[in-house]
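Below is one structure, written out as structure tokens, with a few remarks after it.
The structure displayed is predicted, hence computed values, not measured ones.
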Amino acid sequence: VGWHYETGIQLLRLILSGVFDRHPQLQMITGHWGEVVLFYLERIELLERAQLGLQRPIKDYFRQNLFYTPSGIYSQQYLQRTVDIVGVERIMFSQDYPYHPAMGGAARSFLTDSGLSEADQARIGHENWETLIAPLSK
């Protein structure tokens, strides 16, 4: 599980070093529900007391510059927590093949069993990706 923490630390370093302040339109996609740091966001926000010189509250970077994917971790609890923190518009479905192959309709069931509206399922299933890449296809 070390790569989850290492990747999460790198995401946090990007934020704290001001990369997103210098490049406010930069968008990144992270796997495994934000590589742990998303679930520590309330604790991470305490760093704001250090007056880091960021232009926005730390939570804003997580809500405006990052997209989150399950990467094969089909947890309804993680999905709901991510929706609560960043909203449906920041989540994109992804698979983690070959590490966690989706067999027997697991991918579809993950969304259909989520309790999310069909519109929100469509956003996660494909629309958020289409919105993200739309400027690139022009």
| field | Which atom of Ala107 lies closest to which atom of Phe93, heavy atoms considered | value | CB-CZ, 3.5 Å

| task | Using modelled atom types only, decide if a donor and an acceptor are shared between the side chain of Asn65 and the backbone of Pro24 within a distance under 3.5 Å. | result | yes

| query | Which heavy-atom pair separates Asp21 from Gly53 by the least distance, and what is that distance? | reply | OD2-O, 4.4 Å

| What pairs meet the side-chain hydrogen bond (donor to acceptor under 3.5 Å, both in side chains) rule with one or both residues in residues 35-51, with sequence neighbours excluded? | His4-Glu35, His32-Glu35

| field | Spacing of CG belonging to Leu111 relative to CD1 belonging to Ile124, to within rounding of 0.5 Å | value | 6.0 Å

| task | Determine whether Gln55 and Tyr61 make a side-chain contact, defined as any pair of heavy atoms from C-beta on separated by less than 4.5 Å. | result | yes

| said: Return the OG1 to CG distance between Thr30 and Leu11, rounded to the nearest 0.5 Å. | reply: 4.5 Å

| Distance-only, no hydrogens or angles: does the Ser109 side chain make a donor-acceptor pair with backbone N or O of Ala106 under 3.5 Å? | no

| field | Between Arg90 and Gln27, a side-chain donor and acceptor under 3.5 Å | value | yes

| CD1/Ile85 to CD/Gln80 distance, rounded to the nearest 0.5 angstrom? | 10.5 Å

| Rounded distance [0.5 Å steps], CE in Met28 versus CD1 in Ile15 | 9.5 Å

| said: Counting C-beta onward and ignoring hydrogens, is there a side-chain heavy-atom pair between Ile29 and Leu132 closer than 4.5 Å? | reply: yes

| Measuring from Leu12:CG to Thr7:OG1, what's the distance to the nearest 0.5 Å? | 12.5 Å

| message | Quick check: is Ile73 connected to Val88 through a chain of hydrophobic side chains (ILVMFWY, heavy atoms under 4.5 Å apart)? | response | yes

| message | Listing request: all ring-ring contact (aromatic ring centres under 6.0 Å, His included) pairs with a residue in residues 107-134, at least two apart in sequence or in separate chains. | response | Tyr74-Phe110

| request: Check whether any side-chain N or O of Tyr68 sits under 3.5 Å from a backbone N or O of Phe62 as a donor-acceptor pair, and report yes or no. | output: yes

| For the atom pair CG (Leu14) and CD1 (Ile9), what is the distance rounded to the nearest 0.5 Å? | 12.5 Å

| said: Is it the case that over 12 heavy atoms from other parts of the model lie below 6.0 angstrom from the CZ atom of Phe39? | reply: yes

| Do Arg123 and Asp120 come close enough that some side-chain heavy atom pair is under 4.5 Å? | yes

| By side-chain contact (heavy atoms from CB on, under 4.5 Å) - contacts of Gln64 (at least two apart) | Arg56, Asp60

| field | Any side-chain heavy-atom pair of Leu47 and Ile44 under 4.5 Å | value | yes

| Donor-acceptor pair, side chain of Asn128 and main chain of Ile91, under 3.5 angstrom | yes

| request: Give the minimum heavy-atom separation between Ser114 and Leu79, together with the two atoms involved. | output: CB-CD2, 3.6 Å

| query | Given side chains that start at C-beta, do those of Leu16 and Ile58 come closer than 4.5 Å, heavy atoms only? | reply | yes

